[in-house]
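Naming convention: chains lettered A, B, ... in sequence-line order (proteins, then strands); numbering from 1 in each chain. Note that the coordinates shown come from a computational prediction; the quantities given were computed from them, not determined experimentally.
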Amino acid sequence: MNSKTPLMATLVETYWQRPATPAEHTAMRGEVKRHFAKIGNLTNPRENRMFDVDPFQFERLMQDEAV
Amino acid sequence: MENGLPASIKEAAALLGTWKMSSVELTEATLAFARETQPRLNAFIDIEEEVALSQARQSDSLRARGARVGPLHGIPLAHKDMFAQAGRICGCGSKIRSTHVPSRTSAVMQRLEAAGAVSIGRLNMSEFALGPTGHNAHYGRAMNPIAADRITGGSSSGAGAAVGGSVVLGALGSDTGGSIRLPAACCGVVGIKPTQGRVNTRGAMPLSHSLDCIGPLARTVEDAYWILQAIAGSDADHRDAAKGEAGAGLPAPPDNCRAIRVGVLQGTFVRDLQPVVEAALETAAKQLARVCRSVRSAPCPDLSSVPELTNVVAMAEAATVHFDWMRSRPEDYGPQTRVRLSQGLAIPAPIYLRARQMRGPLLAGFLDTAFGDADVLIAPVMPFLPPFASKVDAGDSPEMADVINRLTNFTRPFTFLGLPVVTVPVARTPEGLSVGLQVIARPWREDLAAGVAAALERLCDLPPVTKRSLATAG
């Protein structure tokens, strides 16, 4: 992502009907970089690991643990 | 007893139960101490004297009529400014909600009222519970009662200051990434983050509905557990009902730990610790080895992504709650709160849902690996001592995310995994700073975590960080 990418500014202007402040802009860009590194880029993309993950596994495990 | 005042809820309950002190007398003394310490601690957003004394009179009256009452009956407590009470302001530590008066009482406050507890005021907090340092742009930060130049931790900053400062014997806080555990550790008191879904969040300020937990801070494990027992459980009209019912019935902690296997959590939780924290962890493990079935190293699966997963879920859900005000009243947020909420708009739906979906596999892996040979785990709350407030006051600067991550790296994982944690002070530096340890259990096993935390409390035998004083309460 280069520094001229207008996506963050566009999101704020579109949804919140105001310009993003410089601090908001910096924080949003930092957020995207962090979650790309830690979440979006977690697994080998060829494995596409999430395809087989039950979205409700957490809730089921918590229920099972209660018994 | 400390200078004529009860040092714990247990002691207070005994005094009230034998009419050696009335609830009105105890509440008056507590209110006086709250007023006196407020300029120094800034623990309260509002001290609510009239309501508190009215509740205390009612409590005494009920007791005098011979009503059967529980251990919290007539005890003055105070709570983070985020639990709705009908007809009383609930401001969430914010400007935006500073005059909001809810029409219905939250589930936890209903339960505390039913238990006869007295509520003496609304405690300071990070604005909308966003912020692990305890800074607040509108009300100023609560002050650490041990060392004023150090943070209280947040977001339940006033709860840490008020309990650590001996103003009240117990308080409710909330924890979405460490907001009970950090203030408890920084202020040298006990905190309990219960299992996700154990305590009904209806009527409490929402930050992140997937991660929010309500729990107590108190001076002793036993006191904290009494409060948790009073607030645990669900209401039929609440979405947590299924989980709450499944986990209903909070048993008493075990009398001893002879059957409990303790794991010292490895991986990132033992790396790069400040020497005083490392020594405290080692000493605690050795102490527990005397009274538990076993104490061994517990392998930790890779949790390196979990702090960010927690952040993504929390910020996406928080931005959802604040979406309209971020459009209509952005200037009414403090700078850091505004910037953090704006981050939520930068989280695409697939990233948020991916983070939610990974909760299951990560919990399964953690239960298999870390709890493979252990019933409870121990880990520090933070890898360092409570930082200087001036060093972590990052505001809305680019350093903000690093500051937040460093403070919450050891607490966010157990939020994300939904596990119960009891935080207990285990060491004190020569200058009085406190080191807190997390005792983590499998879901719904707060009893085991509390049992081991109580053993640590006995073995470490630390004096309270501050003493209560009737003389100063005047």
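Distance check: A/Glu59 CD to B/Gln196 CD gives 9.5 Å after rounding to the nearest 0.5 Å. In this structure, CH2 on A/Trp16 lies 10.5 Å from CG on B/Asp324, to the nearest 0.5 angstrom. From A/Asp64, atom CG reaches atom CG of B/Leu367 across 10.5 Å, with rounding to the nearest 0.5 Å.
Two residues are said to be in side-chain contact when any heavy atoms from C-beta on lie closer than 4.5 Å; B/Thr195 and A/Glu65 fail this criterion.
In terms of modelled atom types and a separation under 3.5 Å, the side chain of A/His35 and the main chain of B/Pro348 share no donor-acceptor contact. Looking only at distances, no side-chain donor or acceptor of B/Trp444 sits under 3.5 Å from a matching main-chain atom of A/Gln63. Looking at A/Arg34, its side chain never comes within 3.5 Å of a backbone N or O of B/Glu308 through a donor-acceptor pair.
The choice from B/Ile351, B/Leu353, B/Leu417 that makes the most heavy-atom pairs within less than 4.5 Å of chain A is B/Ile351. Ranked by heavy-atom pairs under 4.5 Å with chain A, the first of B/Leu345, B/Val306, B/Val339 is B/Leu345. Per-residue counts of heavy-atom pairs under 4.5 Å with chain B were compared for A/Val12, A/Thr21, A/Val53, A/Thr26; the largest is that of A/Val53.
Residues of residues 399-411 of chain B lying under 4.5 angstrom from chain A, judged on non-hydrogen atoms, are B/Ala401, B/Asn405 in numerical order.
The minimum heavy-atom distance between A/Pro55 and B/Gln357, with the atom names listed, is CA-CG, 3.8 Å. For the residue pair A/Val32 and B/Ala346, the shortest heavy atom distance occurs at CG2-O, 3.5 Å. Across all non-hydrogen atoms, the minimal contact from B/Ser304 to A/Lys38 is O-NZ, 3.7 Å. Taking every heavy atom of both residues into account, A/Leu61 and B/Gly360 meet most closely at CD1-O, 3.5 Å. Between B/Phe416 and A/Phe58 the shortest heavy-atom distance is O-CE1, 3.9 Å.
Interface remark: A/Arg18 contributes side-chain atoms only to the contact with chain B (heavy atom separation under 4.5 Å).
Under the salt bridge (Lys or Arg N to Asp or Glu O under 4.0 Å) criterion, the residue pairs touching residues 329-347 of chain B are A/Glu24-B/Arg338, B/Lys95-B/Asp332, B/Arg329-B/Asp332, with sequence neighbours excluded.
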